[in-house]
Structure formats: C-alpha cells, structure tokens
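Lettering follows sequence order; numbering is per chain, from 1.
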Number of protein chains: 2
Amino acid sequence: MEDVAARAGVSRALVSIVFRGTAGASERTRERVLAAAADLGYQPDQRASRLSRTRTRMLGVVFGVGHAFHGDLVDSLYAAADVSDYEVVLSGVTPRRSEEEAVRALLAERCEGIVLVGSALPSPALSELAARLPTVSLLRDVRATGVDVVRTDDAEGLRQAVTHLHGLGHRHIVHADGGRAPGAAQRRRGYRSAARRLGLEATPLLPGGLTEEDGARAAGVLLSLPPGERPTAVTAFNDRCALGLVDAVRRAGLKVPEGLSVVGFDDIRAASYAHIALTTIRQDADALGRLAIERAASRLDRGQPPGRPVVVAPALVVRATTGAPR
Amino acid sequence: MEDVAARAGVSRALVSIVFRGTAGASERTRERVLAAAADLGYQPDQRASRLSRTRTRMLGVVFGVGHAFHGDLVDSLYAAADVSDYEVVLSGVTPRRSEEEAVRALLAERCEGIVLVGSALPSPALSELAARLPTVSLLRDVRATGVDVVRTDDAEGLRQAVTHLHGLGHRHIVHADGGRAPGAAQRRRGYRSAARRLGLEATPLLPGGLTEEDGARAAGVLLSLPPGERPTAVTAFNDRCALGLVDAVRRAGLKVPEGLSVVGFDDIRAASYAHIALTTIRQDADALGRLAIERAASRLDRGQPPGRPVVVAPALVVRATTGAPR
DNA sequence: GCTCGTTACTAGAGCGCTCTAGTCGAGGAG
DNA sequence: CTCCTCGACTAGAGCGCTCTAGTAACGAGC
C-alpha cells in the first residue's frame, strides 16, 4: 500500500479511500492510484482491513459438505450475502470434521454471525453459541433461546404430498421416516395430520433415512408386505431417500407410478432430471438462504433481537412418479 | 487479551506465549493465564494473529459445492491440512459464483497456497495465478507453467475397466464420454488404447457428461442402436453418469448386468450403496487430498519448486453392474 | 479584505495480535 | 566476590489496513 501511494504520489490514506470507494478523492487521483496499483499488482489485504474496521461483516456458514440440498443452500447464501454486503465464510462438516470443530474455526475467525445448515448440535450448545453471536438455524427447528430459525413448513409439505396422493385416488399411503434428521419430526406430524383429516388408514411408518441407501432399505420392508396390505403410495423423508426407494422398488419389478406412487422432499437438482422426474415437495432454497442472511443482517445492522421462527412455504412439484393407483 | 493479562497479573506478551504454546512460561503462570482466559471467555483473534505473523499458514481450496466427489476430497484435504499444520479455507463454486470469484476471495484473504479441485480455468489464468502463489490443480491435468498437478491416472483407470470387461467376455464396449471435463481426455485415451491393445471393435464414443442426466441421455443413444450393433458393455465417464445410464437402461427393460455391463469412475459414496452396487474405478480421495496438501506444503515450507505431476493409481472395484455378456 | 464552505488530501493513532530485544533475579563456576 | 548462564517475564515496534481530526487551497459572499 505504501508503494502504491508512493508511486501515485499520494498518501496511504488516499489509497485506502480509493480502494474502499469512499468519497474524498478526485477522479484524476483515483485513476492514478488504480493505475499504480495495477502496475504493482497490489490487492488490499482483507485481514488487515477487517482488523482495523471494527465490523468484520463476515457471516459463517456451517454446512454438510456431502449434502446435495446444502449445496443448493450455499449457493443461495452466497448470493444473498452479496446483496447485504456481507461475506460468507464456509466451514464444512465432513465425516472426519465435526460440527463443533466447524463452529470453532468460525469463531476464531471472528465472524459476526453464524448460519448453521441442518445443525445437529444439542440445543444447550446452540443457546450458548447464540449468547456469543447472532445464530440462525437453517432447516432445523430448534427451541433454543436466542437462536433464530429459518425453515420450510415441513408439516405443510407433507400435507400437500398426502393430499396430492389422496386426490389421485390413493387410500393407503405410508411415510418413509427420517428419524432424528432436521425436519423429520415435523414431516411425520404433517403426514399423520393429513392422513387423519382425510380419513386414511393408519399405517406404521417405514424406517427411512437421509440417503438413497435408507430409501432402498425402506423399499425392502415395503416389498416384504403381503400384496394385499401393501400401500399404493409412499411419501419419503427426502428426495435421496425417495430416489433409493424408487430404484429398489423398480428393480423388484414394481412399476412406478403404476404399482407405487412416490413423493420426495427437497427438490434437489437430480429430482428434476428427465429420466428421474421425481414428484416432490420443493423447498425454496433461494428464499431460505435469503431469509437466513436477512435475519442475521437485521440483528447485526439494526440490533434487532432474535425473532420468531421464519417458516417458508413449500410447493408440490408434480412430475412422473405419482399417478392413480393400479 | 489485555484484560486476560491484567487478571492473571502478567503482560500481554505472556498471554500470547501461553496461547501459542511456545516455551517461556512457567507451569504455574500458564495455568493462571488459562484460568483467567476461561473466566473471561477469551479466545485469541485469528485475524490479528495471522496479520502479525508473517506466515498465515492458510491454504485456499476451490471446489464445486454440488459435486459429490469434491465433497470426499474436501474431507481428505481438511484431514491432511490438519497434520501439516495448515488451515483450509474453503471457497465454493456454485451456479451463481464463478471459479474466478472464488479464487479472488481467497487471494484477498492472503492464502499462502491454493488448491483448485477440478478447475475449469484456462491455463493462462492458472499460470498467472501460479506466479503469485503455489497452486495445485487437483484432478485436472494441466500443462501450465508453475502449476502443480495431483491427479488420478485416468487413462490407467479406463484401461482397467476395459480389461475387466474384456476378461468377462465382452467384445463390444463403448465409452460414454465426459467431454471437456477434467480427466475426460485421459479417460478417452485410456479407453482407446485398451480397446486397441485387446483388439476390440472400434466404436464411436457415446456423448456422456458429468451428471445422471447426461448418463440417461447416453442411454437413449445406446438404446436407439439396432440390437445387433448394440454394445454389451459401457464404461462411463464417472459414477453419476453411470448411475443415470444404468437407471435409464433398466427402465427401458434392459437388465444390468445381464443385458448390459456398466463401469463407473470415482467410487462416490453412493456407488457402494447395496441397492446400487456399481462396479467402478475408485479414485483414492485420501491420497489425492494428502498429496495435494503435501505438495503445497513442501513448496511453502521447504521452498521447493513446482514438480512434475503426481499421479495416483486408481483401482477397480467390482460390484454388481458387470458380468458376462448375455 | 475577511470569513465561511467545500473539496482534496494527510498525519497518525488505533485494530489485536507476534516477536525481538531486552530486564531481572537466581544459581553455578572460577 | 565477580562473571556467566539461564529461565521467566516485559516493553514496544510492527503486521497492513481504517478512520478521525486535521490542513491547504480555492471560491463565493459580504
């Protein structure tokens, strides 16, 4: 910076002004400084800049590196942070890197706020974190003091799925459960309430999960049922589970949707591929990311207190894995 | 830090010594400082620490947020950086965030080295980057001056795939191509050389790609061939392509492996799921990540010049999508 | 001519650490 | 008793920026 200033014949402060784009430099000097910087290959040092600014304007994002839907959210978070003039710092959770570790790295970095995507942290840990800095739990509904929540209306999503299947004529619908995964409890609840309201037969849940493998396992359970008792439709915890289920069921000779209708959840990119064409409940990744950033930003910029959970409406996307029974 | 020092009755410098774990503090003071810090909830500020240290010991990693295999590599990069005492800083490439942008963010952060996973940057841009800081291209083989390359022996992988199929009795094997994706050219070459060596019929490539959708499209082309001319086996550019292909082909009524054998590439986690059980060429994510970090570290720590490409051997993993023809 | 406002610019004190070059006191060697 | 060494600790400069409180120059208005 010193060198750039010398070359442009100005003070260091002026160089700073030019690079921050603040007022206080004439057009001519601005150009001279920029030219000098280009000659010298100078690029301002973010760390130093953040250190001297009191605000860092950094938002930490903890996400599961392998999760397809987390990837969609990261895209949206990057985009939303950009317009709010915050910078996203990623910290990934992988099989060998725990969520605690990911959070710790972000804290040492002095992020001003933190967004946890599908966090599995116990709520005391979340409260503790929230006491230190604005924390938003994205996807997972937690009742932890101080923690903001942005999530999809999971229950409503399942209601839509069940209603859709009911409308097609299905009367025996089963839910492949997500266990303890974020949103799973709400989806179960949505499934049950819709089933009750529509007067469908009560069916025990299928043990599902988050991955294709879990879906395939659920398919095994389903297929082991005597044909008479076999449901004609399944709502799966998520798309990956649905995909695994569809795959396994088809390989067993059951046609989808003729023999079995399947609805997923998330609308990951793969769900829309022509050869898959999964009917699913779309989570609005764009809105979720945007709202998460907005929440963090409003707490940081306008000193607002944590608010009530923000719930985003899901939408049914009808594709080719659902149809009338038989 | 000042407060911690005051509370422990020592100087700031001593606090710094304790937190860095350097020699020069007695056991008793060390404990006093740690206790004071715990009371105050003090945690050192990484940014300030890095600013004053000349070295930042940060390694930037640019990766595709959606790519399953990149996720596996990120896991391995985190682990490897940990042992080399470097810190990984992620910068994601998404549909709305270009690789250039991802790199720029890392440079402003003052990373000391950079690892590009499956980079799509033109080689002049890579050389320019490499002139600024140690750069390693992971997965993609580039001939750009100053750029280190760590990759799988893609050609060898395809040779293994073709040889495996040949051993099962296949004489008509086609390759679903990856186009301009990293490694695609080498895989094509490996396929061709193996086919030639084994005296197989020359077959035009199937237009493939990186995603399940591309694989499904390739399946369409394959199925449109008159049965007599139809190959009995396919080597796919990667697992996702293979998965899409298998799926589409099965839905068209062709059995896998009875009617068609399929070999993937990568060995992503999903390939090993029981209901998928894809025969594939395993890329050693652990070795790739470790070698990439080692390369960067050896240039940084020991001032070594960029070296020749590091090529990791792939391994055939036989599962359930390959078998004898007919 | 003088004051006042503006615009263009600068000096220099931080930001929260690290690290070099010390000081200080307690032993040990001569 | 002096001189050294050594371990424990501290002062203070510096990392590369930002930002407040200025200064200088130049018109405009009276």
Side-chain angles (χ1 to χ4, degrees), chain A residues 1-37 40-58 85-87 104-112 132-133, chain B residues 1-37 40-58 85-87 104-112 132-133:
Chain A
M1 190 179 202
E2 188 79 62
D3 299 344
V4 174
R7 185 175 247 260
V10 296
S11 69
R12 282 168 38 255
L14 223 266
V15 176
S16 169
I17 286 173
V18 169
F19 271 95
R20 275 176 300 140
T22 0
S26 67
E27 205 40 56
R28 276 196 34 219
T29 352
R30 200 171 285 275
E31 278 164 20
R32 264 212 333 279
V33 169
L34 257 17
L40 264 41
Y42 166 81
Q43 189 186 14
D45 184 331
Q46 284 266 29
R47 298 164 312 157
S49 138
R50 279 201 285 259
L51 182 58
S52 70
R53 241 180 328 220
T54 7
R55 301 278 314 265
T56 64
R57 301 201 73 82
M58 296 196 302
D85 196 26
Y86 273 93
E87 197 173 338
R104 207 172 320 125
L106 254 20
L107 290 178
E109 229 42 75
R110 290 292 191 270
C111 287
E112 298 190 291
R132 296 187 53 169
L133 77 178
Chain B
M1 189 178 201
E2 189 79 63
D3 299 346
V4 173
R7 184 176 247 260
V10 296
S11 67
R12 283 168 37 254
L14 225 264
V15 177
S16 168
I17 285 173
V18 169
F19 272 93
R20 277 176 297 139
T22 1
S26 68
E27 205 40 56
R28 278 197 34 220
T29 348
R30 199 171 286 273
E31 277 164 21
R32 266 213 330 281
V33 168
L34 257 15
L40 266 40
Y42 166 81
Q43 190 186 12
D45 185 332
Q46 284 266 29
R47 300 163 309 157
S49 139
R50 278 200 286 257
L51 181 57
S52 72
R53 241 178 331 216
T54 5
R55 300 278 314 263
T56 65
R57 301 201 71 83
M58 296 195 303
D85 197 26
Y86 273 93
E87 198 174 337
R104 208 171 321 124
L106 253 20
L107 291 178
E109 228 43 74
R110 291 291 190 271
C111 286
E112 298 190 292
R132 296 188 53 169
L133 77 180

Return a single string for nucleotides 16-23 of chain D, one symbol per nucleotide in 5' to 3' order, where B is base contact, S is sugar-phosphate-only contact and - is none, cutoff 4.0 angstrom on heavy atoms.
BBBB----
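With axes fitted over five pairs at each extremity, the angle between the ends of the helix from C/dG1-D/dC30 to C/dG30-D/dC1 is 60° (10° resolution).
The minimum heavy-atom distance linking B/Leu14 with B/Gly24 is given by the pair CD2-O, 3.9 Å. Residues B/Arg57 and B/Tyr86 come closest through the heavy atom pair NH2-CE1, 3.2 Å.
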Identify the pairs formed between an N or O of the protein and an N or O of nucleotides 4-8 of chain D at a distance under 3.5 Å, and give each distance.
none

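For residues 8-17 of chain B, the pairs satisfying side chain to side chain donor-acceptor pair (under 3.5 Å) are B/Ser16-B/Arg20, with sequence neighbours left out.
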With a cut-off of 3.5 Å and sequence neighbours excluded, list every side-chain donor-acceptor pair involving residues 3-10 of chain B.
residue : atom : partner : partner atom : Å
B/Arg7  : NH1  : B/Asp39 : OD2          : 2.6

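In this view, B/Thr56 satisfies the side chain to side chain donor-acceptor pair (under 3.5 Å) rule with no residue, not counting sequence neighbours. Scored by the side-chain contact (heavy atoms from CB on, under 4.5 Å) test, B/Ser52 finds no partners at all (sequence neighbours excluded). Residues that satisfy the side chain to side chain donor-acceptor pair (under 3.5 Å) test with B/Arg53, not counting sequence neighbours, are B/Ser49. Listed by chain and residue number, A/Arg30, A/Glu31 satisfy the side-chain contact (heavy atoms from CB on, under 4.5 Å) test with A/Glu27 (two or more places apart in sequence, or in another chain). Considering only residues two or more places apart in sequence or on other chains, B/Arg50 meets the salt bridge (Lys or Arg N to Asp or Glu O under 4.0 Å) condition with A/Glu109, B/Glu87. Not a single salt bridge (Lys or Arg N to Asp or Glu O under 4.0 Å) links A/Arg28 to another residue, sequence neighbours left out.
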